[in-house]
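Just so you know, these numbers use all the heavy atoms, side chains as well, and skip hydrogens, waters and symmetry mates. Source: prediction; values computed, not measured.
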Amino acid sequence: MGQVWPAQNLQDIPGTIVQGRWDVVTPVVTAWQLHQPWPGNTLRIVPEAGHASSDPDLRQPLIKPLDDRADRADRAEKMMNEAEISNSI
C-alpha cells in the first residue's frame, strides 16, 4: 500500500473527501488513510459510484461541498462589508 501525502499539512484547511465505493483506481482505503490524520475534514463514501467524476452518483456529492463553501464565503464577505460600513459611520 502506498503512502498518502502528509495530511497533517492540511490541518488548517477544511475539506471534503468524496470517494466512490467501487473505485478500483484509488481504493476506499486510500480515502480512509487521508481522512484519519487530517483534522477537520469530512469523508463521504458514495455507495454506488466508481472513479470517474462524471459518474452520475458522484455529481451531487462533489458539487454540494463546493456550493456550501461558496455560500459560507459569500456570507463572510457580506459580514465584513457590513462591519466596514458600521465602522465608518
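The side chain to side chain contact (heavy atoms under 4.5 Å, CB included) check on Pro14 picks up Arg69, with sequence neighbours excluded. Under the ring-ring contact (aromatic ring centres under 6.0 Å, His included) criterion, Trp32 pairs with His35, not counting sequence neighbours.
No path of Ile, Leu, Val, Met, Phe, Trp and Tyr side chains, each step under 4.5 Å between heavy atoms, connects Val18 with Trp22, placing them in separate hydrophobic clusters.
The OG1 atom of Thr26 sits 11.5 Å away from the CD atom of Gln33 when rounded to the nearest 0.5 Å. In this structure, CG in Leu43 is found 5.5 Å from CD1 in Ile17, a value given to the nearest 0.5 Å.
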- Please assess Asp68 against Lys64 for the test salt bridge (charged side-chain N to carboxylate O under 4.0 Å, His left out), listing each intermediate value before the final yes or no. CA-CA 6 Å; Asp68 291 348; Lys64 182 165 178 14; 3.0 Å; yes

Would you mind writing out the side-chain donor-acceptor pairs for residues 44-62 within the sub-3.5 Å range, not counting sequence neighbours?
| residue | atom | partner | partner atom | Å |
| --- | --- | --- | --- | --- |
| His51 | ND1 | Asp23 | OD1 | 3.1 |
| His51 | ND1 | Asp23 | OD2 | 2.8 |
| Asp55 | OD1 | Asp57 | N | 2.9 |
| Asp55 | OD2 | Gly50 | N | 3.0 |
| Arg59 | NH2 | Ser54 | O | 3.3 |

When the side chains of residues 73-81 are checked against the rest of the protein, which donor-acceptor pairs come out under 3.5 Å, sequence neighbours left out?
| residue | atom | partner | partner atom | Å |
| --- | --- | --- | --- | --- |
| Asn81 | ND2 | Glu77 | O | 3.4 |

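Counting side-chain heavy-atom gaps under 4.5 Å among Ile, Leu, Val, Met, Phe, Trp and Tyr, Val25 is found in no cluster with other residues.
The two residues Leu10 and Trp38 make their nearest non-hydrogen contact at O-NE1, 3.1 Å.
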